[in-house]
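Every value quoted in this text rests on a predicted model; they were computed, and no experiment measured them. Just follow the structure's listing: the first ligand is 1, and inside any ligand the first atom is 1.
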Amino acid sequence: MRADNTTPSGALVFYSDFDDFDTWRQALRARLPGLRILHSSEVADPADIHYALAWKPPAGFFGRMPNLRLIINLGAGVDSLVGRDDLPAGVPVTRITDPDMARMMAGYVLFAVLRHARDIPWFEQAQRRGEWAYRHPRAPADTRVAVLGLGELGAYAARELQRQGLTVIGWSRSPRAIDGIQCHAGMQTLDAVIAQADILVVMLPLTPQTRGLLDRQRLQRLPRGAALVNVARGALVDQAAMTELLRSGHLGAATLDVFEREPLPPEDPLWRMDNVLITPHLASVAIPASAAAQIADNILRVSRDAVPHNQVDPTRGY
Ligand code: NDP
């Protein structure tokens, strides 16, 4: 059956170990009442599936669906998707780039950065000692925050930080202009950006170019006592070098949402470091009520043979 304007052809398959199927089904049904939405465990005939909304499905998942027309990554980061060997040739891959997700991420980044800018970890430790330890606050503009990655999430967070009066320096691959933010682009500027950062926020995608970007040498370029906030991907940072630099005090503190290995193994020394705050990869998530609109729009576009929005460029890896 061919699609009309509101009823796409075929069915959608859902896969995620982290997201609730019923919530997503409901949100999508509200937009596309005619679309059949199946959990991957309910698929009787893979030929029926035209759309896949998936987060880290098992190997071979996409290869079983001969009529797949659109793959929607259930999240913003596509590093676990672009290298797969079961992506059918010619089928567009899209990702979620949702303002609510960006706002949630900015909330986490603001919390983490202000926590460091206002010396909260230092006060937490003083409190544990029962000590009234006055430390005069710095003016916001005296704290320089470098944000690596000025995409959907990074640019939003950078703006929120700038709104707090912090001095924000941004870095991306291609030149960007954001009011009130000193923007730099390209590898040749990275070391200078890092050298100025009292707080370094990592918001880059993981690609062949960015894997291991923050190696020992680059982390050592941070001013002594700087804080690191990584909300992007663990493999962007040399975790062993980061741990040593946190131990030596070269890195003053870190807020880490992502790790080279997840879950972070129980024996990892980071768990027991006083100057490290760990959260289990949840700085932001795709929010069904708001993301369903762009997913529905893309499904309808593809079902009318139009090009979907938010496509991932597999050659650049993001
Ligand atoms: P975007 O693709 O919108 O933006 C990526 C940014 O990084 C762009 O500014 C891009 O530059 C820049 N960039 C990419 N490669 C390079 C490079 N080689 N050198 C310099 N800059 C580079 O991504 P999002 O903002 O949507 O997301 C960023 C990452 O956040 C995701 O890839 C994901 O890994 C992570 N994430 C983490 C979550 C969590 O809960 N912890 C939740 C959601 C996402 P340019 O502007 O020139 O393209």
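Distance CD1/Ile120 to CG/Leu114: 9.0 Å, rounded to 0.5 Å. Expressed to the nearest 0.5 Å, how far CG of Leu38 lies from CG of Leu12 amounts to 8.0 Å.
Annotation: side-chain contact (heavy atoms from CB on, under 4.5 Å) contacts of Thr207 (sequence neighbours excluded): Pro205, Gln209, Thr210, Tyr318. In this structure Arg211 satisfies the side-chain contact (heavy atoms from CB on, under 4.5 Å) test together with Leu206, Ala235, sequence neighbours excluded.
Scanning the protein heavy atoms around atom 14 (C) of ligand 1, the nearest turns out to be Tyr318 CZ, 3.4 Å. Scanning the protein heavy atoms around atom 42 (C) of ligand 1, the nearest turns out to be Ser284 O, 3.5 Å. When hydrogens are left out, the protein atom nearest atom 47 (O) of ligand 1 is Ser174 OG, 2.4 Å; that is the closest non-hydrogen contact. In terms of protein heavy-atom proximity, atom 21 (N) of ligand 1 is nearest to Arg173 N, 2.9 Å. Remark: minimum distance from atom 5 (C) of ligand 1 to any protein heavy atom is reached at Pro205 CD, 3.5 Å. Protein heavy atom in closest approach to atom 9 (O) of ligand 1: Leu150 N, 2.9 Å. For atom 30 (O) of ligand 1, the closest heavy atom belonging to the protein is Leu153 CD1, 3.8 Å.
Every atom of ligand 1 is numbered from 1 in the order shown, and the set under 4.0 Å from a heavy atom of Arg233 is 33 (C), 34 (O), 35 (C), 36 (N), 37 (C). Close approach of ligand 1 to Leu204 is summarised as follows: ligand atoms under 4.0 Å from at least one heavy atom of the residue are 7 (O), 12 (C), 13 (N), 21 (N), 22 (C), 29 (C). Of all atoms in ligand 1, numbered sequentially from 1 with element shown, those under 4.0 Å from a heavy atom of Arg95 are 1 (P), 2 (O), 3 (O), 23 (O), 24 (P), 26 (O). Here is the list of ligand 1 atoms found below 4.0 Å of a heavy atom in Gly77: 31 (C), 32 (O), 33 (C), 34 (O). The Gly151 neighbourhood of ligand 1 comprises atoms 1 (P), 3 (O), 4 (O), 6 (C), 8 (C), 9 (O), 25 (O), with distances under 4.0 Å to a heavy atom of that residue. Close approach of ligand 1 to Gly149 (heavy-atom distance below 4.0 Å) involves ligand atoms 6 (C), 7 (O), 9 (O). Taking a cut-off of under 4.0 Å to the non-hydrogen atoms of Met203, the atoms of ligand 1 that pass are 28 (C). The contact set between ligand 1 and Gln209, taken as ligand atoms under 4.0 Å from a residue heavy atom, comprises 18 (N).
Residue-ligand proximity: Ala232 is placed with a non-hydrogen atom under 4.0 Å from ligand 1. Heavy-atom separations between Met105 and ligand 1 include at least one value shorter than 4.0 Å. Using a 4.0 Å cutoff on heavy atoms, Thr207 does not count as a contact of ligand 1. Heavy-atom distances between Thr97 and ligand 1 stay at or above 4.0 Å for every pair. Look at Trp171 and you'll find a heavy atom under 4.0 Å from some atom of ligand 1.
No side-chain donor-acceptor contact under 3.5 Å links Arg176 to the backbone of Trp171. Looking only at distances, no side-chain donor or acceptor of Asp79 sits under 3.5 Å from a matching main-chain atom of Val82. No donor-acceptor pair closer than 3.5 Å links the side chain of Gln196 to the backbone N or O of Arg144.
Among the atoms of Ala283, some N or O lies under 3.5 angstrom from an N or O of ligand 1. At least one N/O-N/O distance between Val231 and ligand 1 falls below 3.5 Å. Checking only distances, Val78 never comes within under 3.5 Å of ligand 1, N or O to N or O.
The side-chain heavy atoms of Glu152 and Met101, taken from C-beta on, include no pair separated by under 4.5 Å. The shortest distance between side-chain heavy atoms of Phe62 and Val91 does not fall below 4.5 Å. In this structure, Leu190 and Leu148 have side chains that are in contact, with non-hydrogen atoms separated by less than 4.5 Å.
Checking His250 against Ser248 by side-chain atom types alone, no donor-acceptor pair falls below 3.5 Å.
Ring pair Phe111/Tyr108 is perpendicular by interplanar angle, where above 60° counts as perpendicular and below 30° as parallel. Using cut-offs of 30° and 60° on the angle between ring planes, the pair His39 and Phe14 is tilted.
Of all the heavy atoms in Ile96 and Ala286, the pair that sits closest is CD1-CB, 3.9 Å.
When non-hydrogen atoms are compared, ligand 1 lies under 4.0 Å from the side chain of Thr210 (C-beta onward) but not from its backbone.
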